[in-house]
J.: 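Pasting a structure here, questions to come.
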Amino acid sequence: MRITEIREIAVPLHGDISNAVVNFSAHRVSLVAVVSDVIRDGAPIVGIGFNSIGRHAQSGILADRMIPRVLSADEQDLLDGHTGLLDPAAVARCALRDEKPGGHGDRAGAAAAIELACWDLLAKYADEPAHATIARAFGAAPATGGVPVYAAGGYYRGENELSALGDEIRGYLGDGYRAVKIKIGGQPLADDLRRIDAAIEVTGAADRVAVDANARFDQTGALAYARALAPYGLRWYEEPVDPLDYQATATVIAEYPGPVATGENLFSRQDAVNLLRYSGIRSDRDILQMDAGLSYGLTEYQSMITEMEAAGFHRTSAMPHGGHLINLHIVVGLGLGGCEAYPGVFAPFGGYSPGCVVRDGIITPADDPGFGLEAKPGLAELITELAKG
Ligand code: MG
């Protein structure tokens, strides 16, 4: 197997929504196609990947650095010596040639888009869903019976905030979700508590409502929220402080008895190791949300899972950020704790294809080959365009 071409387009996210820190209206995502020399049904097998949601496209890094490195590599250096097929880890290593360690920023997403496209390519070559390829590659027990999923939303919308939030959550419950996540930190604490009360009223239980501060607070602000949130018994309190401030995270965790979730903005194994070492994060309740699409791809992500397990965590403590098909297949393939969904948000990347079934808070992936991105309306048309070149 040989890579003949790698293409990228920067795709705008639909919608104009905000969390406590970021407005997503100008966000774009790098959609990447890795074209192989394997011809099936008259066309080359093409692997498709992207760099998750919530960060910007990395067109420059891909075009100037990574794609030329991979395309100019010795073919043998990109292959698995046993199978003769592409080795996603080797491709990622090549994409990162001559890059210094540390500083895990946008390049981690750029490399991930290529590496994940290689996994899609391998799964399509085997004519199977990507979770099967992933489970086999890492010796994991796949959760083919489905995995827990929750609806992430509850963004600030301005007018009629509480009634709109209630309607939104009722819609999720009607679609088969049992748990939701809403944003906090974008308005005063008292107003956020009213939003939380409204969400609990609709779901019927506090442990079906998680809240996400998107690293909005300093330590003092995070502690004020921790004290106000503690009596509720919420599902979890997400990203209270800067993701790299492990001491502040530890201070909040020491004050907050319920589950804390964090990690979506850590882009490397080393950052995850530091979180495990220094943040006070607890293996019996807390949630780790690192995201392969933001952190060099599945190979690096699997190394984070290995570190988590070495630190005494069960892999079901991992619930990756980014509610989309790629992470669904990773969660199922590696037997992780669950994934999020963005029904109706972050199109065309967020959410799942029509063949995926959500019932009683459990999602089961469709049987499409690879990540099944071609089966998702909105994304399918872009992939057709990208694959044609
Ligand atoms: Mg979050």
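Whatever order the structure lists ligands and atoms in, that order sets their numbers, starting from 1.
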J.: Should we say atom CZ of F313 is surrounded by more than 12 heavy atoms from elsewhere, each under 6.0 Å from it?
T.: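 More than 12 heavy atoms, drawn from other residues, nucleotides or ligands, come within 6.0 Å of this atom.
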J.: Is there an N/O/S atom in D212 that lies less than 2.8 Å from the Mg ion (ligand 1)?
T.: yes
J.: Does atom CD of E201 have more than 12 heavy-atom neighbours from other groups under 6.0 Å away?
T.: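 No.
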J.: When you measure from the Mg ion (ligand 1) to each N, O or S atom of E264, which atom gives the shortest distance?
T.: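 Distance check against the Mg ion (ligand 1) picks out OE1 in E264.
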J.: Out of the N/O/S atoms in E238, what is the name of the one closest to the Mg ion (ligand 1)?
T.: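 The atom in question is OE2.
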J.: Parallel, tilted or perpendicular for H321 and Y342, by the 30°/60° rule?
T.: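 Perpendicular, since the angle between the ring planes exceeds 60°.
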J.: How are the rings of F50 and H324 set relative to one another: parallel (under 30°), tilted (30 to 60°) or perpendicular (over 60°)?
T.: perpendicular
